[in-house]
Each structure stands twice: as structure tokens, then as C-alpha cells.
Amino acid sequence: MPAGRRGPAAQSARRPPPLLPLLLLCVLGAPRAGSGAHTAVISPQDPTLLIGSSLQATCSVHGDPPGATAEGLYWTLNGRRLPPELSRVLNTSTLALALANLNGSRQQSGDNLVCHARDGSILAGSCLYVGLPPEKPFNISCWSKNMKDLTCRWTPGAHGETFLHTNYSLKYKLRWYGQDNTCEEYHTVGPHSCHIPKDLALFTPYEIWVEATNRLGSARSDVLTLDILDVVTTDPPPDVHVSRVGGLEDQLSVRWVSPPALKDFLFQAKYQIRYRVEDSVDWKVVDDVSNQTSCRLAGLKPGTVYFVQVRCNPFGIYGSKKAGIWSEWSHPTAASTPRSERPGPGGGACEPRGGEPSSGPVRRELKQFLGWLKKHAYCSNLSFRLYDQWRAWMQKSHKTRNQDEGILPSGRRGTARGPAR
């Protein structure tokens with residue numbers, strides 16, 4: 001080959017190395033001195049540092065590889081070439097690097113610090129771990145859906161992010177005896193969770209805690225003590241149905257089915273309902289549903305779409321005195337109340353006349369009854385038959401009176417069709 005001309009191999013050597021192999025250095029192992037063609041070493045090798053620390057590193061060339069003197073070397077971090085002012089030549093074979101106030105590693109597997117020859121070839125590499133020690137995990141919560149398993153989740157410390165791979169282990173044991181056990185099924189309901197599928201004892205408290213470890217240290221949560229029977233929960237009640245109550249314009253009937261998972265166990269359940277109007281995000285909660293599987297919502301707005309949800313809380317399981325854990329809310333079910341036949345405020349509503357002595361007391365009594373119903377008996381076992389008859393009679397009476405008085409849609413009074421009463 002004529003002098004002064006470079007072949008394809010030489011030209012290829014001048015191209016910068018691809019980024020992907022650099023990013024894999026800390027996963028597959030950085031080049032070490034004496035390993036085949038690699039003739040340099042970085043010191044310190046694979047350091048672990050706190051955020052804000054400084055690093056003094058050197059790249060020392062061994063032997064006499066062509067173009068690999070200290071003057072021709074340079075550094076890259078995660079594939080990006082570092083400014084030359086961060087480096088200085090110590091001798092003909094050693095290039096030093098000074099990094100100050102280090103940020104957290106961009107990769108939990110470690111950042112890639114690489115020493116290159118003048119032609120871009122990789123001479124040596126090191127994994128740089130910069131981060132924080134784990135903080136104490138907290139807010140451990142656990143629940144069981146069949147009294148044979150247990151699922152727990154937790155919060156990984158106040159700041160959470162350590163910038164390093166941090167391992168979390170859920171440990172548990174019987175409170176007064178037994179050995180430590182480690183949960184094995186992680187990430188079942190989120191990134192910081194674990195599921196224990198079987199081999200749990202009843203009527204005996206467990207101690208549960210979480211241990212966090214990484215390259216900079218370890219931390220342990222407080223111990224949570226619980227009895228499986230006290231943390232039982234269920235799936236949301238299925239088959240929630242919402243329907244109108246005849247022509248009553250301010251009521252809806254809600255019915256549902258008990259969760260099937262716990263039908264074989266000795267337990268009771270209490271339910272909670274919440275509802276909201278279609279164009280609102282504010283839910284109103286009905287707490288006093290007791291253990292029924294139906295409820296009457298009263299005092300609603302006529303001609304309005306409502307979304308309704310139900311959830312369940314099992315209690316008294318095998319004689320336990322503590323309530324369980326509320327299930328998730330059921331999927332929203334929508335229904336609308338009937339539109340009012342009475343004209344609204346802008347349509348000339350007809351107020352009772354002073355000459356009707358029975359109208360005022362009936363309305364006051366109805367108002368008192370509704371107030372008591374809202375406060376004490378939203379979903380009680382009382383029969384609504386008499387109340388429904390009363391409401392139907394009131395609506396019919398009001399409609400008849402409007403017709404007798406000739407109420408027009410615009411609110412003007414027409415000529416009465418029948419004889420005066």
C-alpha cells in the first residue's frame with residue numbers, strides 16, 4: 001500500500017466508538033488492563049461516592065501502544081467527551097481527571113467513565129456510582145383477600161430516589177417465635193410491594209418490616225405488628241344497579257350484591273355509598289348503610305344524572321373485634337332522577353294560597369320528615385311504602401291544583417275550568 005494512504009481499517013479506527021457499547025460497559029464489565037488489547041487502567045476502579053463529592057482519577061497506559069501517550073488521551077462520561085481543562089498530564093503515560101460536585105448517576109447500573117486513545121479507541125473503563133444511601137422505608141400497609149395470603153406495600157423513604165440500585169426486602173415472622181422469612185413475589189401492586197401467597201397462620205400476630213440496601217448503606221423500617229384477621233378486605237361489590245323510585249323526582253334506589261370471595265367465611269359486612277352529579281367531582285358519602293345490600297338515596301335534584309359507587313368493609317371475621325379494610329370503590333353506575341312536573345322558579349311556580357289551611361302543615365310535616373330521613377335513615381330498614389304514597393298524593397294534588405288554577409307555561413293564570421273549590 002503506498003505510503004501516506006490509509007486503508008479502510010485505519011480509517012475505521014478514526015471513527016468515534018458507537019454510544020451503545022459505551023452504555024453497556026457498566027453492565028457487562030469495563031475493560032481492564034492486561035485483558036487482551038486493553039493496555040491501560042483507570043484508578044480508582046468502580047468508585048462509589050455521595051452526591052456532591054469530588055473525584056480524582058487517573059488513566060495509566062501500560063507498554064508502548066501506538067498513539068497512546070498521555071498527551072493523546074482523553075476522557076468521556078456516558079459517551080460525552082469531557083472538556084480538556086478537567087484533565088492534566090502527570091507523566092508520559094498517565095492522564096489525570098478532576099471532577100467536582102458530582103451529581104447523581106444517570107444510570108442505576110453506574111455511569112460510564114472511559115479513557116480513550118487519540119484515535120478514539122477505548123483503552124480502559126470504570127463504572128462511577130454516585131448517589132445517596134437508602135432512607136428508612138415507612139408507611140407499610142398490608143391486606144389479605146382470602147385470609148391465606150398477604151400483600152404489603154410501602155414508601156421508600158422521604159426522598160425516595162437514591163440514584164443507585166437499591167434493593168428492598170420485605171421480612172416477616174411470627175411475633176413471639178419463629179424465624180425471619182423473606183417475601184419473594186415483588187412488584188405485585190406497584191414498584192414497592194410484595195405478595196406472600198400462602199403458609200400464613202391465623203390467630204397469631206406477625207411482625208413485618210422492610211430492609212433497604214445499596215452500595216452506600218442500608219436502612220430498616222419500623223416493625224408493623226398485625227393479625228391476618230384484622231386486615232381482611234374484599235373486591236368491590238359487584239352488580240351495582242341504580243334505578244328510579246317510581247315517579248319520585250328526588251330519589252334513586254341503589255342495589256348491589258355482596259362480594260363472593262368471603263361468602264364461605266364467618267363474617268359480616270358494612271357498606272358505604274358515595275354519589276355525585278354528572279358535572280361535579282365532589283362526592284357525597286353515605287356512611288350509615290349498615291350491612292344491607294340496598295339503599296334509598298333521597299333529597300336529590302330532579303332531572304339530574306348521578307354517578308353512584310359502593311364499597312365493602314368486612315368485620316367480625318371468626319370473632320375478630322376489629323373492622324377489616326375498605327375495598328376499592330365499585331365502577332361508577334349512572335342513573336337520572338325524573339324531571340319535575342312543577343314549573344321552576346323562572347316559570348311561575350305556584351305557591352299554596354293562604355286559603356288552604358291543610359297545605360302549610362302538610363308541607364312543613366313533609367319537610368320535617370325529609371330532614372329526619374336525610375340525617376338518620378338514608379338507608380335504614382324502615383318501610384317507604386307509606387312515604388311513597390304520601391309523596392305520590394302530594395304530587396297529584398299539586399298537579400290537580402295547577403290545572404284548576406289554569407297555570408300556563410309562561411306563568412300566567414288562565415280561567416279556571418272547573419267550579420271554585
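Note that the structure is a prediction, hence the values are computed from the model and not measured.
At a threshold of 4.5 Å between non-hydrogen side-chain atoms, the residues Val254 and His241 do not count as touching. A 4.5 Å side-chain heavy-atom check between Gln107 and Tyr129 finds every atom pair outside the cut-off. Residues Leu102 and Ser54 fail the side-chain proximity criterion, which asks for heavy atoms closer than 4.5 Å. Looking at heavy atoms from C-beta onward, Thr58 lies in side-chain contact with Leu90 at the 4.5 angstrom threshold. Counting heavy atoms from C-beta on, the side chains of Thr69 and Thr92 never come closer than 4.5 Å. Within the 4.5 Å cutoff, the side chain of Tyr74 has no heavy atoms near those of the Leu82 side chain. Side-chain contact between Leu224 and Tyr206 is absent, with no heavy-atom pair separated by less than 4.5 Å. Between Leu113 and Leu97, some side-chain heavy-atom pair lies under the 4.5 Å cut-off.
There is no side-chain donor-acceptor pair under 3.5 Å between Thr182 and Asp180. Between the side chains of Gln272 and Asp287, at least one donor N or O sits under 3.5 Å from an acceptor N or O. Side chain to side chain, Thr76 and His116 meet the donor-acceptor criterion of an N or O pair below 3.5 Å.
Remark: the backbone N or O of Lys301 is paired with a side-chain donor or acceptor of Thr337 at under 3.5 angstrom. Judged by distance alone, with hydrogens and angles left aside, the side-chain atoms of Asp111 form no donor-acceptor pair with the main-chain N or O of Asn78 at under 3.5 Å. Between the side chain of Thr166 and the main chain of Leu164, a donor-acceptor pair closer than 3.5 Å is present. The backbone N or O of Pro259 sits nowhere less than 3.5 Å from a side-chain atom of Thr234 that would complete a donor-acceptor pair. Under a 3.5 Å cut-off, the side chain of Ser144 and the backbone N or O of Asp149 do form a donor-acceptor pair. Remark: the backbone N or O of Ala212 is not paired with any side-chain donor or acceptor of Ser218 at under 3.5 angstrom.
When ring centroids are compared, Tyr271 and Trp256 come within the 6.0 Å threshold.
Summarising the local packing, CZ of Arg244 is surrounded by more than 12 heavy atoms from other residues, nucleotides or ligands at distances under 6.0 Å. Residue-environment remark: CD (Glu185) exceeds the threshold of 12 foreign heavy atoms within 6.0 Å. In Arg274, the CZ atom is crowded: over 12 heavy atoms of neighbouring residues, nucleotides or ligands sit closer than 6.0 Å.
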Test side-chain contact (heavy atoms from CB on, under 4.5 Å) applied to Val277 and Phe307, step by step: CA-CA 6 Å; Val277 297; Phe307 288 91; over 6 Å; no
Could you check Glu249 against Arg339 for salt bridge (charged side-chain N to carboxylate O under 4.0 Å, His left out), going step by step and ending with a plain yes or no? CA-CA 6 Å; Glu249 60 204 25; Arg339 292 186 178 276; over 6 Å; no
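Cation-pi contact between Arg276 and Tyr306: absent, since separation from the ring centre below 6.0 Å together with deviation from the ring axis within 45° is not met. Cation-pi geometry between Arg220 and Trp209 is satisfied (NZ or CZ under 6.0 Å from the ring centre, within 45° of the ring normal).
Rounding to the nearest 0.5 Å places OG of Ser126 at 4.5 Å from CG of Asp46. One finds the OH atom of Tyr172 at 14.0 Å from the CD atom of Glu207 (value rounded to the nearest 0.5 Å). In this structure, the separation between NE2 on His165 and OG1 on Thr213 is 7.5 Å, given to the nearest 0.5 Å. Put simply, OG on Ser253 and CG on Leu248 are 11.0 Å apart, with the number rounded to the nearest 0.5 Å. Here the OH-CG distance, from Tyr186 to Asn167, works out to 7.0 Å after rounding to the nearest 0.5 Å. One finds the CG atom of Asn214 at 9.5 Å from the CD atom of Gln108 (value rounded to the nearest 0.5 Å).
Between Tyr168 and His192, the angle of the ring planes goes over 60°, which puts this pair in the perpendicular group of the 30/60° scheme.
The residue from Leu128, Leu216, Leu99 that alone fulfils the side chain to side chain contact (heavy atoms under 4.5 Å, CB included) condition with Leu49 is Leu128. Each of Leu95, Val41, Leu73, Thr94 was checked for a side chain to side chain contact (heavy atoms under 4.5 Å, CB included) with Val61, and the lone residue meeting it is Leu73.
Residues Lys145 and Asp235 are paired through a salt bridge, judged by an N-O separation under 4.0 Å between the basic side chain and the carboxylate. Under a 4.0 Å N-O distance rule, the pair Glu328/Arg311 does not qualify as a salt bridge. With salt bridges taken as basic N to acidic carboxylate O contacts below 4.0 Å, one links Lys136 and Asp222.
Between Cys152 and Cys194, a gap of 2.5 Å or greater is found separating the two SG atoms.
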